[in-house]
Amino acid sequence: MALWVLIQLRAALTRTVTLECDPWYCMLTIVCLCPAAPPGPCSHLSTIGNLPRPPSAEAWTGGSEKNGLNIRLVWIFMTLVFAQLLMQNPGRPLIVKLCGGSNHCTHFFLVLQASVDASGEIALCKTGFPEDVYSAVLSQDVHEGQPLLNVKFSNCNGKRKVQYESSEPADFKVDEDGMVYAVRSFPLSSEHAKFLIYAQDKETQEKWQVAVKLSLKPTLPEDSVKESQEIEEIVFPRQATKHNGHLQRQKRDWVIPPINLPENSRGPFPQELVRIRSDRDKNLSLRYSVTGPGADQPPTGIFIINPISGQLSVTKPLDRELIARFHLRAHAVDINGNQVENPIDIVINVIDMNDNRPEFLHQVWNGTVPEGSKPGTYVMTVTAIDADDPNALNGMLRYRILSQAPSTPSPNMFTINNETGDIITVAAGLDREKVQQYTLIIQATDMEGNPTYGLSNTATAVITVTDVNDNPPEFTAMTFYGEVPENRVDVIVANLTVTDKDQPHTPAWNAVYRISGGDPTGRFAIQTDPNSNDGLVTVVKPIDFETNRMFVLTVAAENQVPLAKGIQHPPQSTATVSVTVIDVNENPYFAPNPKIIRQEEGLHAGTMLTTFTAQDPDRYMQQNIRYTKLSDPANWLKIDPVNGQITTIAVLDRESPNVKNNIYNATFLASDNGIPPMSGTGTLQIYLLDINDNAPQVLPQEAETCETPDPNSINITALDYDIDPNAGPFAFDLPLSPATIKRNWTITRLNGDFAQLNLKIKFLEAGIYEVPIIITDSGNPPKSNISILRVKVCQCDSNGDCTDVDRIVGAGLGTGAIIAILLCMIILLILVLMFVVWMKRRDKERQAKQLLIDPEDDVRDNILKYDEEGGGEEDQDYDLSQLQQPDTVEPDAIKPVGIRRLDERPIHAEPQYPVRSAAPHPGDIGDFINEGLKAADNDPTAPPYDSLLVFDYEGSGSTAGSLSSLNSSSSGGEQDYDYLNDWGPRFKKLADMYGGGDD
């Protein structure tokens with residue numbers, strides 16, 4: 001005990017020594033009380049902090065007091081050693097190995113680093129990873145999400161916020177608690193897998209690193225699928241407990257290795273896997289359960305656990321292709337349902353078995369390879385997939401070619417990469433013209449192609465040999481012949497044919513033709529027929545027989561794409577085309593055309609103007625040309641049919657409407673006597689020079705003015721059809737006779753083209769006056785004319801305007817126009833009167849008919865025609881024509897005079913019925929009715945007529961009986977019909993039939 005105090009006192013005089021321990025590791029911290037630099041004596045002492053606590057003797061000795069004392073002595077000695085070494089070598093790493101009972105040892109790898117804080121104190125503490133290398137040994141390949149190991153970071157002051165990173169983030173990740181997980185599944189080779197873990201302070205960006213090595217645990221063949229009679233036991237990790245009132249540090253998190261279970265197991269089921277146990281089951285009655293997919297979550301019922309014993313079992317075979325891994329959580333609670341242990345994670349990996357054949361993505365694969373390809377040329381890739389684990393032998397495929405058809409020129413033209421499925425060429429000699437397609441049978445086998453244990457499947461690879469330009473086009477003949485008529489274009493002269501062994505309708509087969517010689521002026525072109533690949537020699541410019549009678553063309557043919565490299569044939573083929581030009585009869589032509597001559601107008605008939613002849617381009621044909629007139633709008637010219645002389649037959653007038661812009665156009669026709677005869681046209685343009693042959697006229701020819709001179713003026717000008725210098729300026733004057741002209745009027749010249757006419761006297765009576773005016777132009781010699789100006793003198797208002805009556809006359813409305821207007825007005829009045837009379841007559845007739853009978857009851861000459869409804873078989877022999885209306889059966893126009901049917905309306909003059917006044921007196925209504933009744937009684941044309949009315953026959957068999965039973969003998973004998981005589985003429989017939997007694 002004195003030694004322990006001595007150690008602590010020495011430590012207090014130099015530094016503060018703190019040793020924190022749990023059952024598994026300790027951390028020693030020594031804090032200096034005096035600054036290290038500059039050196040000097042300590043000026044003060046600090047209170048000793050938490051003194052090192054020796055480990056509990058019970059933890060290592062099982063309660064042996066003697067052994068516990070020995071351990072305490074060893075611990076005190078180690079504390080002295082730690083203090084001495086740290087004071088002499090601050091920052092030096094120390095490795096301590098402490099061993100307890102049952103050879104249980106604990107390794108400590110402490111790296112302490114000296115740092116100076118703000119107060120100048122030196123802190124010796126290892127901030128970082130306590131170990132340089134972490135190692136983990138795995139019993140199988142790494143699976144996604146599998147926890148591998150736990151790395152701890154030593155945080156001296158506990159204030160650092162550390163973030164973990166992996167040097168291989170695609171494979172590994174580190175949680176905040178330092179647990180390392182696998183990001184993906186990958187096979188672990190026999191060699192060590194090594195990577196780094198980085199820890200970085202989020203505030204200071206200070207960084208630490210540690211190495212991690214993963215190694216594969218060697219397994220024996222018989223241990224690959226092991227069914228041990230002993231069931232592995234998984235114990236819940238011990239939680240933190242209190243010792244003497246102080247919270248004891250919990251040991252590091254456990255990494256429970258996953259449970260490996262082969263798929264498609266045959267049982268028996270349920271099959272026991274592991275036993276889950278808590279070390280508290282000695283004192284408490286516990287209940288165990290598991291949760292997660294496969295237990296209480298879909299798919300449920302795959303895994304069950306015995307709640308008493310904690311035995312975890314699987315109930316049926318597993319399928320890795322459906323679920324490759326199950327993640328369960330085990331729970332332990334007491335009989336009251338209170339949680340006793342923290343849940344632990346249990347990972348069950350389904351071990352793959354080779355139960356799936358490889359399957360190709362396509363049963364038939366199509367690829368292409370150019371002909372003439374060198375060995376090693378890539379063709380295509382075939383791919384097969386295996387539902388088994390691709391990282392195990394069960395899913396590792398190998399490819400090979402089983403057969404090749406055809407086997408020419410070599411049975412092994414292609415090979416395949418057994419791992420990737422890439423097909424390449426291995427032999428030369430691919431020629432599309434010989435073999436256009438190869439068919440390969442490809443086999444994929446798992447278990448890395450093991451023919452004994454692997455499963456296989458096949459697919460077909462169809463490789464098409466594509467064409468390359470290894471055959472140039474070749475002309476079928478050395479010389480081609482053709483002929484073409486002269487002056488024809490777009491005519492096919494010759495058809496050039498070539499042969500090409502390449503694939504038709506490809507750039508390597510399509511021929512391109514060009515003319516390499518014999519056509520310096522570019523009169524020919526060669527187009528390629530897209531269907532036959534022939535060259536069509538076509539004329540694109542007219543050819544003159546008189547200039548060229550024959551062409552010899554040199555043509556060449558080549559493909560659209562150049563020949564492939566290494567081909568020994570020439571790239572093109574040449575041939576000769578001989579084209580003969582055929583002479584044809586051509587049209588004569590006038591030169592120049594049009595021909596322009598200048599002549600003065602006014603030439604007399606019979607004057608020879610010019611000779612207009614045509615030329616015949618056919619120099620080698622003896623032909624004659626005759627001329628005719630084709631167009632002469634004014635009929636002024638004629639042409640000699642032999643020599644083409646043009647002579648006038650009428651006077652040429654520049655002012656004619658057929659002359660436009662002083663030019664007169666005439667067209668002539670020249671025809672030869674060739675076979676067939678040809679003709680050509682020429683136009684003669686005569687430019688007519690103006691002469692002074694038109695006298696000027698006054699414009700306007702009518703005007704109006706007031707009776708008084710003021711305001712009174714008429715502006716006039718002159719109209720001359722000639723042009724300068726035979727037109728204006730003009731001279732205006734009044735004639736000497738009659739004398740009243742100069743006495744009443746005066747004319748004043750305003751300028752060369754206008755003059756003003758005014759009244760000379762103070763008053764001139766209203767009327768129409770004709771004022772002659774002498775107008776002279778400026779021609780040489782000048783030409784004069786007396787032109788009459790009609791002036792209307794009228795009464796004017798205060799503004800100097802004529803009144804309305806005078807305006808009509810002044811506006812040019814003559815007597816004829818006025819008479820036409822009056823006639824139109826009279827005709828319109830007559831039409832209105834006729835319409836009024838017709839309307840009154842129509843009203844009168846309507847009123848007369850309404851006095852006799854209501855139009856709805858008027859049946860005077862109407863036999864109503866109903867639809868014919870036959871009575872069935874009983875009346876099939878009845879003559880239905882008798883049921884038609886009499887007027888439609890026998891029109892009145894064709895009836896003989898005096899012969900009429902008794903049921904027709906008699907022909908008599910229409911009686912005159914009394915007309916009711918528009919507003920009759922109420923007392924006259926009775927008289928009006930009586931007068932109308934008398935008129936109706938005396939009207940023989942009023943219905944009913946003296947005949948029997950014929951109605952439509954509706955067939956027999958009616959339940960109502962027949963009307964024929966209503967006769968005088970059966971029904972009228974007991975009645976007195978004498979009163980019918982008192983009813984008037986309408987009932988006279990009935991009175992004679994029934995009212996005459998027995999007669």
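The chain is numbered in sequence order, starting from 1.
Legend: ring pair (Phe, Tyr, Trp, His ring centres under 6.0 Å) pairs involving residues 489-523, not counting sequence neighbours, sorted by first then second residue: H505-W509.
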Practice problem: Report the C-alpha separation of T381 and D422 in whole Å, then their side-chain angles, then the decisive distance to 0.1 Å, and conclude whether the side-chain hydrogen bond (donor to acceptor under 3.5 Å, both in side chains) test is met. | Solution: CA-CA 4 Å; T381 299; D422 295 341; 2.5 Å; yes
Quiz item: Given S784 and T776, is the side-chain hydrogen bond (donor to acceptor under 3.5 Å, both in side chains) satisfied, shown in steps?
Solution: CA-CA 4 Å; S784 298; T776 305; 2.7 Å; yes
Quiz item: Could you walk me through whether I714 and V771 pass the side chain to side chain contact (heavy atoms under 4.5 Å, CB included) check?
Solution: CA-CA 12 Å; I714 300 173; V771 180; over 6 Å; no
Exercise. Kindly indicate, with the supporting measurements, whether the criterion side chain to side chain contact (heavy atoms under 4.5 Å, CB included) is fulfilled by W636 and S656.
Key: CA-CA 11 Å; W636 289 344; S656 172; 3.7 Å; yes
Quiz item: Is there a side chain to side chain contact (heavy atoms under 4.5 Å, CB included) between L536 and N495 once you walk through the steps?
Solution: CA-CA 5 Å; L536 307 179; N495 191 10; 3.4 Å; yes
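Contact check for K541 versus T521: no side-chain heavy atoms found under the 4.5 Å cut-off. Looking at T445 and L397, their side chains never come closer than 4.5 Å, going by heavy atoms from C-beta outward. For the pair V493/V577, no side-chain contact is recorded, criterion being any heavy-atom separation below 4.5 Å from C-beta on. Considering only heavy atoms from C-beta on, D431 comes within 4.5 Å of D470 through its side chain. In this structure, I543 and F524 have side chains that are in contact, with non-hydrogen atoms separated by less than 4.5 Å. Taking the side chain as every heavy atom from C-beta outward, T628 and I639 never approach each other to under 4.5 Å. Counting heavy atoms from C-beta outward, Q436 and Q503 have side chains that stay 4.5 Å or more apart. Side chains of I775 and I773 form a contact here, defined as non-hydrogen atoms less than 4.5 Å apart.
For D500 and N533, the side-chain atoms include no donor-acceptor pair closer than 3.5 Å. In the model, T408 has no side-chain atom that pairs as donor or acceptor with a side-chain atom of K434 under 3.5 Å.
With hydrogens and angles ignored, the 3.5 Å screen pairs a side-chain donor or acceptor of Y399 with a backbone N or O of A384. Put simply, the side chain of K638 never gets that close to the backbone of N635: no donor and acceptor are under 3.5 Å apart. The main-chain N or O of V364 is never found under 3.5 Å from a side-chain atom of T460 such that the two would form a donor-acceptor pair.
In plain terms, the two heavy atoms of V659 and I663 that are nearest each other are CG1-N, 3.5 Å. For the pair T611 and Q645, the tightest heavy-atom approach, listed with the atom from each and the gap, is OG1-CG, 3.5 Å. A575 and F480 get closest at one heavy-atom pair: CB-CE1, 3.9 Å. Residue P588 comes nearest to I625 through the heavy atom pair CB-CD1, 4.1 Å, listed as atom of the first residue, atom of the second, then distance. Taking each heavy atom of P729 and D753 in turn, the nearest pair found is CA-OD1, 4.2 Å. Taking every heavy atom of both residues into account, W365 and M380 meet most closely at CB-CE, 3.3 Å.
For Q560, the CD atom counts as densely surrounded, since its 6.0 Å shell holds more than 12 non-hydrogen atoms of other residues, nucleotides or ligands. Other residues, nucleotides and ligands contribute more than 12 heavy atoms inside 6.0 Å of the NZ atom of K629. Around NZ of K595, the count of heavy atoms belonging to other residues, nucleotides or ligands within 6.0 Å exceeds 12. In this structure, Q527 places its CD atom where only 12 or fewer heavy-atom neighbours from other residues, nucleotides or ligands lie under 6.0 Å away. A 6.0 Å sphere centred on CZ of R488 holds no more than 12 heavy atoms belonging to other residues, nucleotides or ligands. Residue-environment remark: OH (Y481) stays at or below the threshold of 12 foreign heavy atoms within 6.0 Å. Residue E655 qualifies as enclosed at atom CD: its count of foreign heavy atoms under 6.0 Å is above 12.
Using bins of under 30°, 30° to 60° and over 60° for the plane-to-plane angle, the ring pair F668/F612 lands in the perpendicular bin. Ring geometry, Y438 versus F414: the interplanar angle exceeds 60°, so the pair is classed perpendicular (tilted spans 30 to 60°).
T681 is linked by a side-chain hydrogen bond (donor to acceptor under 3.5 Å, both in side chains) to nothing, counting only residues two or more places apart in sequence or in another chain.
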